[in-house]
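In what follows, a single structure is set out as structure tokens and then discussed.
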Protein chains: 2
Amino acid sequence: MLRRECWLDGASVAADCLYKVVNGAVRTFSVLRDGRRHIAEFYLAGDFFGLETNSTHALSAEAICNSTILVIKRSVLAVLADHDKDIAGRLRDMTNGELGRTQAHVTLLIKTSSERVAHFLLEMADRSPDTSEIELPMSRQDIGDHLGLTVETVSRTLSKFDDAAVIGRPSFRHVTLLDRAALERIQRCERKA
Amino acid sequence: MLRRECWLDGASVAADCLYKVVNGAVRTFSVLRDGRRHIAEFYLAGDFFGLETNSTHALSAEAICNSTILVIKRSVLAVLADHDKDIAGRLRDMTNGELGRTQAHVTLLIKTSSERVAHFLLEMADRSPDTSEIELPMSRQDIGDHLGLTVETVSRTLSKFDDAAVIGRPSFRHVTLLDRAALERIQRCERKA
DNA sequence: CGACGCCTTGATAAATGTCAAACGTCGTGG
DNA sequence: CCACGACGTTTGACATTTATCAAGGCGTCG
């Protein structure tokens, strides 16, 4: 179990283990030479991370609040998977899911700032216990680094949504979805083919 | 075997099969409601595609020149994988590789236009038989849709590289890397952590 | 030779980033 | 308990990047 601000170096530790967020929140990220940081994904309670075993583009991981993390040795998992088809299948499904989410994120990054923020809010809402009340564990900076936007743009976009009564902001880290349909209209994008 | 401009609907066909490019080139893509298109990946001779089995964000595929495609039924593959650990392992490695490439592409999309184009050229060069002579099977529009840029920006960036004697352009679809180090400097970005 | 498609280039506009300042919130220490 | 300071957030003015619109060039194929 790991506690707040524990840090996992992408190059050394991550590839060796699989992790499960028991409670709290984790971000996986990479830092560019010039200091820009990209947050690949946020993982909330119940999520698994560390699935990517590709060595060249390994990500690092950090807890963003007090968190409890379950660590699973890959070597142990491999043995289990060899004997249990169900475990192997679930591993495969998780990797496929991660691939799908990553591809969706790629699509997200070619959109406008409003579309990105709307998508992010809807996604967070869907992952929350209450689908219209969002407790954000991450800062605006984190959101920006995840969406490929600056803090200022994230903040301005949220203000715009607030002005349009699409969301409410009882506090910095707490967002209320007032008009989900509007958000979905803004985030509009994906089509069958 | 499929011929030029054959089209695979992401929703129906793709999830059922795995494909191998015997020769030619294929693009996987999704189209947004407003007409914007995003090309997820280009696949050249020897590459496999159709690994993503995630239903919600399924991609479509198209050949971009005369191509020969090998089609592998997933149901058959599953049976083979059950009996042959080697096949299962290779499937897993391919999926992991795809995940890594997709994550790298996400990182790419937060960079500037020059960095994106430089990265693209280096990647294509590495996948070419001759690592400094690139035959591009795709149009500028395709490159733009892959990098999240407009045709004009792609063209201007190439012209800039040309002016700086970083690349040569004997013809539209043929690029020569004159100064690989410069490209790598431009594309500079990823750091260990 | 001419038409068409693709590519390049230029002028302009829109979106987002940068820089700077003010505001709130929260934790700390007087 | 209140005052202060640090930090995260918001907002504004301005700069830069990239998209958009428009025109012209080049190459290919009928």
Side-chain angles (χ1 to χ4, degrees), chain A residues 4-5 25 27 32 34-39 64-66 108-121 134-164 167-175 186 189, chain B residues 4-5 25 27 32 34-39 64-66 108-121 134-164 167-175 186 189:
Chain A
R4 180 180 168 79
E5 295 305 334
R27 60 183 172 222
L32 310 188
D34 57 6
R36 279 176 296 179
R37 179 183 64 161
H38 182 250
I39 293 183
I64 55 184
C65 56
N66 283 326
L108 183 64
L109 289 182
I110 69 167
K111 303 187 198 177
T112 66
S113 56
S114 294
E115 291 169 323
R116 294 187 219 185
V117 174
H119 179 103
F120 174 75
L121 290 175
I134 315 174
E135 258 325 302
L136 297 171
M138 72 293 283
S139 69
R140 299 288 191 267
Q141 182 69 57
D142 284 339
I143 298 173
D145 288 347
H146 181 52
L147 301 178
L149 299 170
T150 58
V151 202
E152 292 94 332
T153 302
V154 172
S155 181
R156 271 186 256 268
T157 307
L158 288 175
S159 298
K160 201 173 65 177
F161 289 168
D162 198 343
D163 291 347
I167 64 170
R169 286 182 294 180
S171 79
F172 286 148
R173 296 293 180 97
H174 186 184
V175 174
I186 293 165
C189 250
Chain B
R4 180 180 168 76
E5 295 306 332
R27 62 182 171 223
L32 310 188
D34 57 5
R36 279 175 297 178
R37 179 183 63 161
H38 182 250
I39 294 184
I64 54 184
C65 56
N66 283 325
L108 182 64
L109 290 182
I110 68 167
K111 305 188 198 178
T112 67
S113 57
S114 294
E115 291 169 323
R116 295 187 217 185
V117 174
H119 180 104
F120 175 75
L121 290 174
I134 315 173
E135 255 330 297
L136 297 172
M138 71 293 283
S139 69
R140 299 286 191 268
Q141 182 69 58
D142 285 339
I143 298 173
D145 288 346
H146 181 52
L147 301 179
L149 299 170
T150 59
V151 202
E152 293 94 331
T153 302
V154 172
S155 181
R156 272 185 255 269
T157 307
L158 288 175
S159 298
K160 200 173 67 179
F161 289 169
D162 198 343
D163 291 347
I167 64 170
R169 285 182 294 180
S171 78
F172 286 145
R173 297 293 180 95
H174 187 184
V175 174
I186 293 165
C189 251

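Labels below follow one simple rule: chain letters A, B, ... track the order of the sequence lines, proteins then strands, and each chain is numbered from 1.
- Separating the CZ atom of R173(A) from the C1' atom of dT10(D) is a distance of 15 Å, rounded to the nearest angstrom.
- The distance between atom CZ of R156(B) and atom P of dA19(D), rounded to the nearest whole Å, is 9 Å.
- Here T153(A) reaches the OP1 or OP2 of dG17(C): one of its side-chain N or O atoms lies under 4.0 Å away.
- Atom-to-atom, CD of E152(B) to C1' of dT18(D) comes out at 10 Å; the value is rounded to the nearest Å.
- Look at CG on L109(B): it is 15 Å from P on dT16(C), rounded to the nearest Å.
- Checked against dT20(D), dT16(C), dC7(C), the side chain of S155(B) finds its nearest nucleotide in dC7(C).
- Using a cut-off of 4.0 Å between Lys/Arg side-chain N and Asp/Glu carboxylate O, D142(A) and R37(A) are scored as salt-bridged.
- Summarising the geometry, the separation between NZ on K111(A) and C1' on dA19(D) is reported as 19 Å, rounded to the nearest angstrom.
- When rounded to the nearest whole Å, the span between NZ of K160(A) and P of dT9(D) equals 19 Å.
- Counting only heavy atoms from C-beta on, L149(A) has its side chain closest to dT16(C) among dT16(C), dG8(D), dC21(D).
- Comparing dG17(C), dT18(D), dC7(C) against the side chain of T150(A) picks out dG17(C) as the nearest.
- The minimum heavy-atom distance between L147(A) and L108(A), with the atom names listed, is CD2-CD2, 3.8 Å.
- Taking every heavy atom of both residues into account, A118(B) and I186(B) meet most closely at CB-CG2, 3.8 Å.
- Residues T112(A) and E115(A) have side chains that bring a donor and an acceptor to within less than 3.5 angstrom of each other.
- Taking atom CD1 on I167(A) and atom P on dT9(D), their separation rounds to 14 Å, with Å as the unit.
- Atom NE2 in H174(A) sits about 21 Å away from atom P in dG24(C), given to the nearest Å.
- Side-chain atoms of R116(B) come within 3.5 Å of backbone atoms of G148(B) as a donor-acceptor pair (strictly under, hydrogens ignored).
- Among the nucleotides dT10(D), dT8(C), dG17(C), the one closest to any side-chain atom of R169(B) is dT8(C).
- The 5' end of DNA chain C is approached more closely, in terms of each residue's nearest nucleotide, by S113(A) than by the other of F172(A) and S113(A).
- Within the 4.0 angstrom heavy-atom criterion, only backbone atoms of the sugar-phosphate kind lie near T112(B); the bases stay farther away.
- If you check dG8(D), dT11(D), dT9(C) against the side chain of S139(A), the one that comes closest is dG8(D).
- No contact: G144(A) has no heavy atom under 4.0 Å from any strand.
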